[in-house]
Number of protein chains: 2
Amino acid sequence: MRYPEDHKAETHKRIVAEASRRFRGEGIDATGLQPLMKALGLTHGGFYAHFKSKDALVEEALQAAANDANAQWVKAFAKEQPLKTFFERYLSPQHRAHPEQGCPLPTMSAELGQRGNASPITDGVLTSLLELMEKETGSAEQSLAMLSTLVGALTLSRSVASEELSDRILDSARQTLLAQVEAARAART
Amino acid sequence: MRYPEDHKAETHKRIVAEASRRFRGEGIDATGLQPLMKALGLTHGGFYAHFKSKDALVEEALQAAANDANAQWVKAFAKEQPLKTFFERYLSPQHRAHPEQGCPLPTMSAELGQRGNASPITDGVLTSLLELMEKETGSAEQSLAMLSTLVGALTLSRSVASEELSDRILDSARQTLLAQVEAARAART
DNA sequence: TGTACATCAGTGAACGCGCGTTCACTGATGTAC
DNA sequence: TGTACATCAGTGAACGCGCGTTCACTGATGTAC
């Protein structure tokens with residue numbers, strides 16, 4: 001069965017996209033290659049024609065997840081109040097409810113750190129987010145701390161059982177971040 | 001082989017303690033019961049005389065980890081500048097290097113959230129930390145945002161490959177948190 | 001124009017492995033008579 | 001005091017299962033003659 005010229009590249013992309021979703025939604029370890037391939041209408045044997053190993057897929061999927069998520073943030077930064085819009089989207093109930101479509105840092109970074117394969121890709125994901133923020137805050141260090149708050153808040157909001165507490169986590173982070181931006185702006189003038 | 005009266009309770013505690021360390025260090029899914037029991041000089045068959053299931057152990061181990069870690073923070077809060085001491089310990093390279101002895105939130109909460117068994121215990125762990133901080137900051141909402149920053153910063157610092165970036169994450173979080181405390185104190189007077 | 005062959009994305013059975021869990025058993029000690 | 005029995009924490013083989021990975025194969029198409 002011959003396929004169109006870009007068929008294999010297309011399949012490759014489909015695998016990466018699906019993996020990127022599943023890794024974020026269920027976790028890396030919890031995502032099996034067999035179910036993943038089956039969900040795409042493929043058999044698991046073909047996987048190794050596309051990737052050297054599961055770890056290789058993890059790298060590609062993490063990168064894809066970052067690109068995916070960052071496209072959303074870039075849109076947020078195109079608005080009138082970029083930081084406010086960004087914080088609101090990042091800390092929204094929608095983002096909380098759909099880890100599989102969101103930022104890979106809250107979902108994948110802990111597991112990547114524990115696996116021992118802390119790849120430079122995580123650094124890249126973090127740095128690209130940082131650069132977006134730095135343009136607005138003017139401070140790399142402040143942006144870095146803000147990113148910690150964003151990631152921590154989203155992670156915690158997803159792990160508590162009480163919805164009320166979960167909402168409070170998101171709200172308090174948003175308020176504190178906005179106050180920080182405001183304070184920095186006031187200090188500058 | 002009869003054992004001293006409290007022998008079984010002792011073994012139970014030893015299993016919980018070891019699990020609490022491993023879950024934090026390697027992750028819940030990545031921790032096998034067989035290796036765990038073997039490390040304690042026991043056979044895996046005996047496990048079910050102590051726990052209904054691995055999930056039951058997870059609950060007990062999470063609670064134990066929280067008690068364990070909180071004891072450290074209470075000591076930090078006994079100092080002259082409680083919040084400063086707390087932030088410094090939480091964001092220290094030592095804490096970063098030893099997840100298995102540290103706060104369970106950065107290591108376990110993401111996985112617990114993904115597993116779908118977001119137990120109320122996470123809420124308890126978070127709340128007890130919150131109460132410690134609230135006494136000093138006077139604001140539950142500010143404390144909650146600070147906790148997000150702490151958890152996010154530690155998680156990210158453990159997942160990046162560059163040590164320099166990792167240090168910057170911890171430093172920026174510490175500085176920002178201290179500045180927040182200072183600003184709140186200034187506003188109050 | 002028709003036939004033989006090469007290509008190669010995808011197939012699906014099989015590999016060894018470690019997982020969580022079950023269960024019939026062991027054997028040292030305490031108790032009963 | 002001595003013997004038979006009950007207790008019960010821990011043993012270790014076995015269960016089915018899904019994992020990541022390997023590999024001989026398929027079969028539709030393009031190319032060569």
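Chain identifiers are assigned alphabetically (A, B, ...) following the order of the sequence lines, protein sequences preceding nucleic acid strands; residue numbering begins at 1 within each chain.
- Side chains of B:T137 and B:S143: a donor-acceptor N/O pair is present below 3.5 angstrom, by distance only.
- Applying the side-chain contact (heavy atoms from CB on, under 4.5 Å) test to A:L132 and every residue at least two apart in sequence or in another chain returns A:W73, A:V74, A:F77.
- Between D:dA9 and B:T11, no contact under 4.0 Å exists linking OP1 or OP2 to a side-chain N or O.
- To the nearest angstrom, P of D:dT21 lies 13 Å from CE of A:M37.
- A heavy atom lying under 4.0 Å from DNA chain C marks the following residues of residues 14-33 of chain B, by number: B:T31, B:G32, B:L33.
- Between B:K8 and B:H50, the closest side-chain pair of non-hydrogen atoms falls below 4.5 Å.
- The salt bridge (Lys or Arg N to Asp or Glu O under 4.0 Å) analysis of residues 29-39 of chain B, with sequence neighbours excluded, yields the pairs B:D29-B:R115.
- Atom CG in A:D6 sits about 15 Å away from atom P in C:dC8, given to the nearest Å.
- Per the geometry, NE2 belonging to B:H12 stands 12 Å off P belonging to D:dG10, to the nearest Å.
- Distance B:L42 CG to D:dG10 P: 6 Å, rounded to the nearest Å.
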Nucleotide N/O of nucleotides 13-15 of chain C paired with protein N/O under 3.5 Å:
from   : atom 1 : to    : atom 2 : distance (Å)
C:dA13 : N6     : A:H44 : NE2    : 3.3

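- Applying the side-chain hydrogen bond (donor to acceptor under 3.5 Å, both in side chains) criterion to A:R96, with sequence neighbours excluded, gives A:S166, A:D167.
- Scanning for side-chain hydrogen bond (donor to acceptor under 3.5 Å, both in side chains) contacts around B:S128 gives B:N70, with sequence neighbours left out.
- Counting only residues at least two apart or in different chains, side-chain hydrogen bond (donor to acceptor under 3.5 Å, both in side chains) contacts with residues 14-28 of chain B comprise B:E18-B:R21, B:E18-B:R22, B:S20-B:R24, B:R24-B:D68.
- Considering only residues two or more places apart in sequence or on other chains, A:S148 meets the side-chain hydrogen bond (donor to acceptor under 3.5 Å, both in side chains) condition with none of them.
- What separates CG of B:L40 from P of D:dT11 is a distance of 11 Å, to the nearest Å.
- Of the N and O atoms on the side chains of B:H95 and B:Q72, not one donor lies less than 3.5 Å from an acceptor on the other residue.
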Step by step, work out the side chain to side chain contact (heavy atoms under 4.5 Å, CB included) result for A:V160 and B:L126. CA-CA 9 Å; A:V160 295; B:L126 199 152; 3.8 Å; yes
DNA chain D in dot-bracket form (Watson-Crick or G-U pairs under 3.5 Å, [ ] crossing, | inter-strand) is .||||||||||||||||||||||||||||||||
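- For the segment residues 46-57 of chain B, the set of residues with a heavy atom within less than 4.0 Å of an atom of DNA chain D comprises B:G46, B:H50, in numerical order.
- For A:E100, the side-chain hydrogen bond (donor to acceptor under 3.5 Å, both in side chains) partners two or more places apart in sequence, or in a different chain, are A:H98.
- Taking each heavy atom of B:L170 and B:A153 in turn, the nearest pair found is CD2-O, 4.2 Å.
- Within the structure, every pair that satisfies the salt bridge (Lys or Arg N to Asp or Glu O under 4.0 Å) test and touches residues 134-143 of chain A, not counting sequence neighbours, is listed here: A:E141-B:R168.
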